[in-house]
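Only one structure is covered here, and it is reproduced in the block below.
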Amino acid sequence: MTSSAAPYLPGRHLLQVPGPTNVPQPVLEAIARPTLDHRGPGFAALALSVIEGMKRVFRTTGPVVIFPGSGTGAWEACLVNTLSPGDKVLNPETGQFSVLWGQLATQLGLEVESLPSDWRHAIDIEALRTRLGADDKHEIQALLITHNETSVGTLSDVAAIRGVLDDLGHPALLFVDAVSSLGSIDYRHDEWGVDVTVAGSQKGLMLPPGMSFNAISQKALDRQSSAKLPRAYWEWKPYLELNKNGFFPYTPSANLMAGLEVAIGLLEAEGFENIFARHIRHGEATRAAVHAWGLETQCADEAAYSPVVTAVRMPDGYAEAEFRKVVLDSYGMALGSGLGQVAGKVFRIGHLGDFDDLTLVAALAGVELSLGRADVPHKDGGVAAALAVLAAAR
Ligand code: PLP
């Protein structure tokens, strides 16, 4: 067998980037089943089951569109189906992914206003209230909210943001990127009055990359007829028509859909409350380790800690890329890099998806051993501190 992959290392490769995440064996087996004819009845039954399942995951009764594409495509789909050139959107900055979504909106011809931040806190609800309150002409057509900011490990409060819009009677559409929260962190599309939720296959849904989603409110659906941004591949309309019978306007990711059906079954068998609690526990244990090492998390607000990813600040003068290379070469574990303005300054430990206590302990042990190997100044005892959190939680 030939492969361009790195030389074989014995033992299990730990994929501890915050997405793509480890894919469970039953999901891999489903993906490996023979590809179905996407215009045949077997596929239609699968698609209808997956679409209904995804509505339960998003907690919506509205439509969910499933694209063959990445999360970035689903960002674009959300915007082009609802907005027109020159429309103003407000983009509270939380980290690199919020910035990238704003850049994409600018490239599409929208007028993007950012709400700056230090990349160490969640969205500032009072700053948002002040800005929206000053918009008495309701020029802001939409908010672009990143729920879990994967680049820095902060979680913003979508329900509170909905509350601000409601308090002010502001009609802006509420768009939420749940790419790294859906399936791992409590998320409620309908209850929080979200107009479009954007998600991807490769994080909490425990699938390989390659599929992305829009969950859509009635208000967002109604905007399709007035929205003038050019759209073709990402147009919702043909999906909404054909999906009624389990079909798609072009070739869907049939094998990933087979995997998704199994993944939804796994999520529901574990139970969403249990899954959310597991991620919170793993976040707490990881932060206990980081603090015991004497290192700092990039998130500086306890109330905004992400349950799915912890970004760790490197001590001054130490490069994260070199440290991650030591981790990969020595222990076969992939950690996330620093992105955007924190490139070189943080490494990220993903603790989401198909993940358990012992895998977390192994991942943290790999970090602790590598801090020693790479001569990064730190204290011992991080793994022990994490174990104490896990033991107490049980
Ligand atoms: N939004 C968030 C919060 C992400 O974490 C990512 C990717 O990691 C994206 C959007 C972009 O998704 P993709 O890389 O699948 O296009």
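Each residue takes its place number in the sequence, starting with 1. Just so you know, ligand 1 is whichever comes first in the structure, and atom 1 is the first atom listed for that ligand.
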* Heavy atoms only: which of F97, W101, W75 is nearest to atom 4 (C) of ligand 1? -> F97

* Asked: Relative to each other, are the rings of Y250 and Y233 parallel, tilted or perpendicular (30° and 60° limits)?
  -> parallel

* Of all the atoms in ligand 1, which lie at a distance below 4.0 Å from a heavy atom belonging to S70? -> 13 (P), 15 (O), 16 (O)

* **Contact check: N148 vs ligand 1, nitrogen or oxygen atoms, below 3.5 angstrom** => no

* From atom 8 (O) of ligand 1, work out which of Q96, K203, H147, E149 has a heavy atom at the shortest distance. => K203

* In terms of residue, atom name and distance, what is the protein heavy atom nearest to atom 13 (P) of ligand 1? -> G71 N, 3.5 Å

* ligand 1 and T150, any nitrogen or oxygen pair closer than 3.5 angstrom? -> yes

* **Interatomic spacing from OG1 in T94 to NE2 in H147 - rounded to 0.5 Å** => 11.0 Å

* Among L104, T72, D177, V17, which residue places a heavy atom closest to atom 1 (N) of ligand 1? -> D177

* Y239 ring center within less than 6.0 Å of F248 ring center -> yes

* Begin from the C-alpha positions of D124 and R131 and carry the test salt bridge (charged side-chain N to carboxylate O under 4.0 Å, His left out) through to its verdict. => CA-CA 11 Å; D124 181 338; R131 179 62 193 95; over 6 Å; no

* To do: Could you tell me the residue and atom name of the protein heavy atom closest to atom 14 (O) of ligand 1, and the distance to it rounded to 0.1 Å?
  => Q202 NE2, 4.1 Å

* Asked: Can you say whether the rings of F97 and W75 are parallel (under 30°), tilted (30 to 60°) or perpendicular (over 60°)?
  -> tilted

* May I ask you to check whether H138 and H170 place their ring centers less than 6.0 Å from one another? => yes

